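Atoms considered below: every heavy atom in the structure, side chains included; atoms not considered: hydrogens, waters and symmetry mates. Just so you know, these numbers come straight off a predicted model, no measurement behind them.
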Amino acid sequence: MEWLHRVVWSPVSLVVLLLLSLYCHGYTRGKIFTSIPSSLYALKEEFKDPTQLQIFTTSLGAVMGIGNIVGVATAILSGGPGSIFWMVISSLLITSLKYIEIYLGMVFRRRDGSGGTYVYMKEGIGSSWLSVLYLLCLLVACLTMGNLIVSSTLSEVFVQLYDIPVSLFGIGFTMIICVMVMRGQKGAMVLNSYLVPYMLVIYLVVCIGILVMYPSILWNTLVLIGKSAFDIRAVLGGGIGSAIKYGVTRGLFSNEAGMGSSTMIHARSHHTPHKEAMLGVVEVIIDSVVMCCLSGIVLVMSGIPVSLQNATLFLFEAFTVFLGPFAIPFITLSLLLFGTSSIIGWYVFGCECLRHVSRNQCTQVLFTIVFLGCIFLGSIGNVLELFLVSDILNGVLVILNMYACMKLIRFVRREY
């Protein structure tokens, strides 16, 4: 399994993905960023079932999981402070991939509102086997990356901090998610439209407050990040290579650009392809450029040595430097909110996948039962091996989706 992971996510694969991002920026004439301010007004436009805000927050909530906090800590421990710089750069580059995949999902949208990667693979390329393979991989990713891994990480945190029995947490968390998805896909999207904005504001206010309160430390931290990203003396020790590798990997994994996972939910919008694709670009910027970057800066500002091997411990100790006794409740609340919104978002993705398989209500009910069962299993079991499986699935999804996007990129109009 490890050899397959090394093949899928080799340095060559990362370089190819970044080169494709540059090509897509060139294809769009590099004007994606200039369209961002006007695209935000699209959120004010109201449509029924679902509203534009529900689509945006569901997609954003799915990608803005615990990786925005714990994942950033892991990147710093593995690649040093310089990984934050490369994480931001790679995230800005791959905004073009997000734009292209959502644009194509809108172009090949069917009359019933279904669309996304599955549809443009099947009807754009004309490959049924490729679309089915992609759909199966995405469903498995929905149950692993978007479910088992998230619930397992949350369980580990709560059990260690509050000495809660594993089974009790598993039952309680499963019941919470069960209540949230009782109204099905529509109810889950409505819930995320309230949950995501509030959790964003809470986390941003606290992180920005820390930066404002310690301006001198902030400046020294930014200098350290810049030096670590380009420090020639680190070459012999692999410092720069590690910073680039883990920074780029975190930037790619965090916002899921290139995977095509959110294209199906964006296809439900009534916007033009360009407007909806631009909202996908905004998601990447909020998720990786803003949230992950703020998390990383606060962690480096704390001065906690990166020799620690446990990312969760590093995270709590770093925030304790600034928040004192309030650090534990703040981080646990943030992890719970981010993890919950991510699970709900991936539940919606799973429901959208099943729309292409069957419109039977029994199928949706069966999927909901399986999904809730995976939450309980993830909470009480050790799923460390699934991290490797999840990474491989991510890579397969990116490879399949990028192949389709490059084949169909001629359908993307230059609308600016």
Side-chain angles (χ1 to χ4, degrees), residues 24 39 42-43 45-63 95-128 130-132 134-139 141-142 146 184-186 188-190 192-193 255-284 344-359 364 367 397-398 400-402 404-405 407-413 415:
C24 291
S39 67
L43 289 174
E45 299 179 23
E46 289 296 329
F47 304 110
K48 293 183 178 179
D49 195 27
T51 66
Q52 185 59 52
L53 181 62
Q54 291 169 7
I55 293 172
F56 179 76
T57 51
T58 298
S59 180
L60 181 61
V63 301
T95 51
S96 61
L97 301 183
K98 193 81 168 185
Y99 179 88
I100 296 295
E101 65 187 19
I102 293 178
Y103 193 105
L104 290 174
M106 296 290 289
V107 168
F108 289 94
R109 178 179 50 185
R110 294 165 175 165
R111 291 184 178 181
D112 62 356
S114 61
T117 307
Y118 171 84
V119 176
Y120 62 69
M121 282 181 176
K122 185 176 182 179
E123 300 182 3
I125 298 180
S127 177
S128 297
L130 187 66
S131 59
V132 170
Y134 177 86
L135 201 64
L136 289 175
C137 289
L138 189 59
L139 277 172
C142 173
Q185 178 182 350
K186 182 178 179 180
M189 293 179 70
V190 172
N192 252 11
S193 68
N255 49 64
E256 299 167 17
M259 285 176 55
S261 53
S262 64
T263 56
M264 287 183 285
I265 190 64
H266 278 288
R268 300 284 301 277
S269 172
H270 299 276
H271 276 313
T272 63
H274 171 66
K275 279 187 177 181
E276 192 62 27
M278 283 308 306
L279 288 177
V281 172
V282 173
E283 288 174 16
V284 175
I344 293 174
W346 274 96
Y347 170 76
V348 175
F349 289 174
C351 291
E352 284 293 321
C353 285
L354 290 179
R355 287 184 69 200
H356 298 294
V357 178
S358 172
R359 297 299 179 93
Q364 297 286 341
F367 170 74
L397 288 170
V398 169
L400 296 176
N401 186 42
M402 285 299 96
C405 287
K407 290 274 288 186
L408 301 171
I409 196 170
R410 64 185 183 277
F411 290 99
V412 178
R413 296 175 56 192
E415 310 178 39

Q.
Using side chain to side chain contact (heavy atoms under 4.5 Å, CB included), reason through Glu276 and Arg109 one step at a time and then give a plain yes or no.
A. CA-CA 12 Å; Glu276 192 62 27; Arg109 178 179 50 185; over 6 Å; no
Q. Relative to each other, are the rings of Phe349 and Trp346 parallel, tilted or perpendicular (30° and 60° limits)?
A. perpendicular
Q. Can the ring centroids of Tyr120 and Phe411 be said to lie less than 6.0 angstrom from one another?
A. no
(Q) To the closest 0.5 Å, what do you measure between OG1 (Thr58) and NE2 (His266)? (A) 9.5 Å
Q. To the nearest 0.5 Å, what is the distance between OG1 (Thr95) and CD (Glu283)?
A. 12.5 Å
Q) What are the two closest heavy atoms between Gly345 and Asn192, and how far apart are they? A) N-ND2, 3.9 Å
(Q) Leu408 vs Phe108, test: side chain to side chain contact (heavy atoms under 4.5 Å, CB included). Steps then yes/no. (A) CA-CA 10 Å; Leu408 301 171; Phe108 289 94; 4.2 Å; yes
Q | side chain to side chain contact (heavy atoms under 4.5 Å, CB included) assessment of Met121 paired with Ser127 | A | CA-CA 6 Å; Met121 282 181 176; Ser127 177; 5.9 Å; no
Q | Spacing of CD1 belonging to Ile102 relative to OG belonging to Ser262, to within rounding of 0.5 Å | A | 4.5 Å
Q) Taking all non-hydrogen atoms of both residues, which atom of Gly280 and which atom of Lys98 are closest, and how far apart? A) O-CG, 3.4 Å
Q: Rounded to the nearest 0.5 Å, what's the gap from CG on Leu104 to NZ on Lys407? Could you check?
A: 13.5 Å
Q | Short side-chain to backbone donor-acceptor contact, Thr263 and Thr117, under 3.5 Å | A | yes
Q: Measure across Gly350 and Cys142 and return the closest heavy-atom pair with its distance rounded to 0.1 Å.
A: CA-SG, 3.9 Å
Q: Working to the nearest 0.5 Å, report the span between CG of Leu279 and OH of Tyr99.
A: 11.5 Å
Q) If you look at every heavy atom in Cys137 and Leu397, which pair is closest and at what distance? A) CB-CD2, 3.6 Å
Q. Is the side chain of Glu101 donor-acceptor paired with the backbone N or O of Gly260 at a distance under 3.5 Å, no angle test?
A. yes
**Q.** Heavy-atom pair of closest approach, residues Ile55 and Arg268
**A.** CD1-C, 3.8 Å
Q. In chain order, what residues pass the ring-ring contact (aromatic ring centres under 6.0 Å, His included) check against Tyr347, with sequence neighbours excluded?
A. Phe367, Phe371
Q: Please test Ile265 against Phe56 for side chain to side chain contact (heavy atoms under 4.5 Å, CB included), starting from the C-alpha separation and ending with a verdict.
A: CA-CA 9 Å; Ile265 190 64; Phe56 179 76; over 6 Å; no
Q | Spatial distance of atom SG (Cys405) from atom CD1 (Ile125) [nearest 0.5 Å] | A | 8.5 Å
**Q.** side-chain contact (heavy atoms from CB on, under 4.5 Å) against Cys24, all qualifying residues, sequence neighbours excluded
**A.** Ser96, Leu97, Ile100, Met406, Ile409
Q: Mind listing the closest non-hydrogen atom pair of Ala188 and Val348 along with its distance?
A: CB-CG2, 3.9 Å
